[in-house]
Each structure stands twice: as C-alpha cells, then as structure tokens.
Amino acid sequence: MCIRDRYQRRVRAFSEHLSDKHTMNFPELKNDLFLRAIRCEKVERTPVWVMRQAGRYLPEFRESRKKADFFTLCKTPDLVAEVTLQPIDRYQLDAAIIFSDILVIPQVLGFNVEMKPEVGPVILNRVEEASAIDQLTLPDVQKELNYVYESEVLTRHKLGGRVPLIGFTGAPWTLFAYCVEGKGSKEFARAKKFLYLHPERSHRLLRLLTDAIVDHLIGQVVKGHVQALQVFDSWAGLLPQPIFEEFALSYLKEICHRVKTVCPEIPIIVFAKGANFSIPQLATPYPNSDHAFDVIGLDWCIEPDFARKQVDEVLQQEKAQTGRERTIALQGNLDPSVLYGSPETIRDQVKKMINKFGTHGHIANLGHGMNPDHDPELLKVFIDYVHEYSEQKIKEQSSSSSSSPSS
C-alpha cells in the first residue's frame, strides 16, 4: 500500500474517531486567554507561556529527573504530568506544553537516541550512507507513541482546566538534521552537505518524517486531546532561503494542511527559528485550500511591527483575491538572554516588546527556550510584567476609546 493510500485510510479512521462524542470528562477551561489570542479576539491582558518552561532551570524539575533517565521520564505519564505542571504551579502562565521531546519521531523510525549529560541528544545509528534511508519504513506511529497521548490525557485532568494544553513536534528539516548529523551542532554541516549531495534521498527521509509527524500531531489531538499544537523548526535559519523553501517550507505547509484536513478546529503554531524571510510564505495557505498556520512564532532577530506588516499584507491580498477574511496571531519574541539582566531591564524590554506587538493577536513568549542557568525568579518578573503592563495598556486603550466623541 502506498503512503498516500495509507494516509487516506487513516484520515477516514481519524474522522470516525473524532465523531465519537466521548469527551473524557475534562474539567471546564477557566483561562482561555491563550486560545482567544490565537483567534485574535479581545483579551484582558496578553497571554504568556514560555518554550522549555518545564526544564532544568527549575529545581523541582531537577528533583524529578532523579527519578528516571530522560526518555524513561518521557514515557512515564505520571512523571510527564508532574513536570508539565511544575511551571504552571509556580507561575501565572496562560498555557501548558506537554513535556516530551522532538526526537521521539526519529525513535519510532528506528533511530537509537540517547540523552547524554553535558552533550544533549545523540543518535547512535545516524545516517552514515545515503542508501540506509531506503531501509527505513513508517511504523504505526500512534501505537508507538501512545505513551505521549496517555500523558496528555492525564495532564489535562491534572491541570483541572487552569490553562490549555499544547502538544508539539519537531519539523522535518530539524529532525532530518539530527538524524544525519547524529547530535546537536551549531552549523549541522554534515546534514547540510547531505542535502546537496543526495537531494532525492534527502526528500525520501523528509517525506518519511513528514508522514510520521502528521500521524503524531493528529494523535495528540484525537487521542491526547491537546488544545493547540506547535511545530518547532529550530534549525530553519541554517538554510539559505531557496534551500529552506525546497527542503523545509514545503513540508511545513503540507503538515498544516494534512492535520487540518482531519482536525480543522485545532490551532497550529509554527516556529521556524532564524527563517524570518519566510514569514509571508508561512502566512499563506496551502495551495488550493484555506489551511494555514494560525500563529507564527518569532525569534528575537526580527522587529514585531515589521513581522505584523508582512502578515497583514498577505491577509489583505488574500481578502482582495478571494473575499475570505482570516486572522494570524504572532508569538514571541523576547531574547532569552534578557532574563540574565536585572528586573528593571526585563521590565523595560517587556514594555518595548508589547508596544511593538500591540495587544491584539499576540502571545508573549521568548524568542527561543529557557536555558538551564536561567534564574526562575527572573522568569517570574517577565511573566508578571507581561500581564501587568499589557493589562494596563488595554485599560488605557479602552478608556481612550470610550471617551472619544462619537462620529
């Protein structure tokens, strides 16, 4: 059976599952700021969450890590729920993101991944020869990753409706880079070399990763009952624009299309770090459809008002051509290094960030994830001041609007 036939059969199966009215009896959501901001609806304050908000910078996380090695933790629902909730218990965050790892996808494809102290992820059987890609096959991804969905269901119950839960995956190019490089790298020179030397087999591996990613994202919605998804393309910025468009962008947009074909209501965030040149393309729907990303995450190397201008131009052009109106929110984009500064510096940078984003259609976040040596107390300064300043700004805007003479 070819991949496309298998995909169509899974679409039908997932659709039947979605029609089931079993709701798992989840607690009612009490804080929907994050979801309203995704839809560019009115909010009382800017919602905020942080990439890698459950991580080594938290002393409670380090205690939890003593209970199991990294991937055993990822495969143990009770521990996953425990560490996912740690930042929610500590801070006034507006979303939780399930604790997992992007490399669970290569694992199900047969790559042996270990998390080594002071090194990070290492793939022991990286792609050495191009011909090795021909031996890879797509397994039953949702069966292999069912522990993720069990963790998500348990976490949603333990959240008690406090905030929405985000599921996630790595993007095809970023996962490809690890599979070929074998470990983290500043340049991923071996992976990039492979793209140029073996473009056809590169596409074969990227296709396999894409199919696995689609299955996993749909599984997180249908079986894990997450309320939003994020696709991390952490190494997007390493590719020049034409290569990014061929080996990364096309697969990102396809993932969005295929997931929304099955789960049209699920909001999807894309974060292509370093590929700010791609914002107009990321804002554009998949060809011959209206499927597009709901949120574009920004790193700290682009001005928010410039990004918003690019997105608005795409939306306005689309409306002129099709008559269809839609919205795209932006997420980000404080430089994580700001959190090494003083509380005064952090508040000053937060104020500048919110002034540039505005208070409509913005989810505050860092431009990348937390670092292990970040001070938890300074993250609290960031989170609290996002809320405080944005709430003040929204009230001022509302007061100004209500006091203006009617036309």
Side-chain angles (χ1 to χ4, degrees), residues 33-34 37-38 40 43-58 87-88 90-97 163 166 168 228 230-237 269-276 278-279 282 293-311 328-394:
L33 276 175
F34 169 72
I38 287 176
C40 295
V43 293
E44 300 80 49
R45 61 184 183 275
T46 298
V48 56
W49 70 279
V50 180
M51 289 179 275
R52 288 202 295 261
Q53 62 189 29
R56 288 176 290 169
Y57 75 99
L58 288 176
I88 305 303
R90 180 183 273 258
Y91 305 117
Q92 294 297 312
L93 291 160
D94 297 297
I97 184 166
V163 293
I166 306 168
F168 72 93
Q230 176 153 320
V231 181
F232 288 86
D233 208 348
S234 304
W235 305 117
I269 306 164
V270 63
F271 178 58
K273 182 177 178 289
N276 294 317
S278 69
I279 288 173
L282 290 171
F293 292 108
D294 301 273
V295 183
I296 297 175
L298 307 179
D299 63 30
W300 64 92
C301 296
I302 185 170
E303 290 297 306
D305 45 0
F306 178 66
R308 172 52 67 192
K309 180 176 181 290
Q310 289 185 299
V311 168
I328 296 176
L330 297 178
Q331 178 175 278
N333 70 333
L334 192 78
D335 182 352
S337 294
V338 170
L339 296 188
Y340 294 118
S342 66
E344 292 74 20
T345 296
I346 294 169
R347 293 187 187 99
D348 180 64
Q349 292 299 313
V350 166
K351 183 181 294 187
K352 290 176 180 177
M353 177 186 72
I354 290 176
N355 285 341
K356 289 187 176 181
F357 272 106
T359 55
H360 179 76
H362 175 222
I363 300 156
N365 206 314
L366 301 179
H368 202 209
M370 291 291 292
N371 294 328
D373 62 346
H374 273 140
D375 183 343
E377 290 306 309
L378 292 178
L379 176 59
K380 185 177 188 301
V381 173
F382 165 68
I383 293 166
D384 290 349
Y385 199 63
V386 165
H387 284 155
E388 178 185 336
Y389 182 69
S390 62
E391 185 172 359
Q392 172 190 333
K393 191 173 179 69
I394 289 170

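Worth saying up front: this structure is predicted, and the values here are computed from it rather than measured.
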Check whether more than 12 heavy atoms from other residues, nucleotides or ligands sit under 6.0 Å from atom CD of Gln92, and answer yes or no. no
Measure from the side-chain N and O atoms of Asn333 to the backbone N and O of Ile302, and report whether any donor-acceptor pair falls under 3.5 Å. yes
Here the gap from Phe293 atom CZ to Ile279 atom CD1, rounded to the nearest 0.5 Å, amounts to 13.0 Å
Answer whether the closest heavy-atom distance between the side chains of Ile354 and Val386 falls below 4.5 Å. yes
Please determine whether a side-chain nitrogen of the Lys or Arg among Asp348 and Lys352 lies less than 4.0 Å from a carboxylate oxygen of the Asp or Glu. yes
Straight-line distance of Thr46 OG1 to Ile394 CD1, nearest 0.5 Å: 5.0 Å
Check: Asp375 and Leu339 side chains under 4.5 Å, non-hydrogen atoms: no
For residues Leu330 and Pro304, report the shortest heavy-atom separation together with the two atoms involved. CD1-O, 4.1 Å
Please test Ile383 against Gln53 for side-chain contact (heavy atoms from CB on, under 4.5 Å), starting from the C-alpha separation and ending with a verdict. CA-CA 11 Å; Ile383 293 166; Gln53 62 189 29; over 6 Å; no
side-chain contact (heavy atoms from CB on, under 4.5 Å) evaluation trace for Ile38 with Gln331: CA-CA 9 Å; Ile38 287 176; Gln331 178 175 278; over 6 Å; no
Backbone of Ser337 reached by a side-chain donor or acceptor of Asp335 within 3.5 Å: yes
Is the side chain of Tyr385 donor-acceptor paired with the backbone N or O of Gln349 at a distance under 3.5 Å, no angle test? no
Distance from Leu298 atom CG to Asn276 atom CG, nearest 0.5 Å? 6.5 Å
Say you draw a straight line from NZ of Lys393 to CG of Asn355; how long is it, rounded to the nearest 0.5 Å? 4.0 Å
Would you compute the distance between atom NE2 of His368 and atom CZ of Phe232 and round it to the nearest 0.5 angstrom? 7.5 Å
For residues Met51 and Ile97, determine if any side-chain heavy atom of one lies less than 4.5 Å from a side-chain heavy atom of the other. no
Determine, stepwise, if the pair Glu303 / Arg308 fulfils salt bridge (charged side-chain N to carboxylate O under 4.0 Å, His left out). CA-CA 9 Å; Glu303 290 297 306; Arg308 172 52 67 192; over 6 Å; no
Does the side chain of Val50 come within less than 4.5 Å of Asn365's, by heavy atoms? yes
Looking only at atom types and distance, does a side-chain atom of Asp94 sit under 3.5 Å from a main-chain N or O of Val48, one as donor and one as acceptor? yes
So, using side chain to side chain contact (heavy atoms under 4.5 Å, CB included) as the criterion, who are the partners of Glu391 when residues are at least two apart? Arg45, Lys395
Of all heavy-atom pairs between Trp300 and Pro336, which one has the smallest distance, and what is that distance? CE3-CD, 3.6 Å
Side chains of Cys40 and His360, heavy atoms from C-beta outward: is any pair under 4.5 Å? yes
Applying salt bridge (Lys or Arg N to Asp or Glu O under 4.0 Å), can you list everything that pairs with Lys351, at least two apart in sequence or on another chain? none
Between Val295 and Gln230, is any pair of side-chain heavy atoms under 4.5 Å apart? no
If every non-hydrogen atom of Ile346 is compared with every non-hydrogen atom of Gly341, which pair is closest and at what distance? CD1-O, 4.0 Å
Main-chain N/O of Gly274 paired to Asp299 side chain as donor or acceptor, under 3.5 Å: yes
Nearest heavy atoms of Ala272 and Leu282, plus distance in Å: CB-CD1, 4.2 Å
Which of Phe382, Tyr57, Tyr340 passes ring pair (Phe, Tyr, Trp, His ring centres under 6.0 Å) with His374? Answer is Tyr340
Between Ala329 and Ala37, the two heavy atoms sitting closest are CB-O, 3.4 Å
Point-to-point distance, once rounded to the nearest 0.5 Å, from CZ of Phe34 to CG of Leu93: 11.5 Å
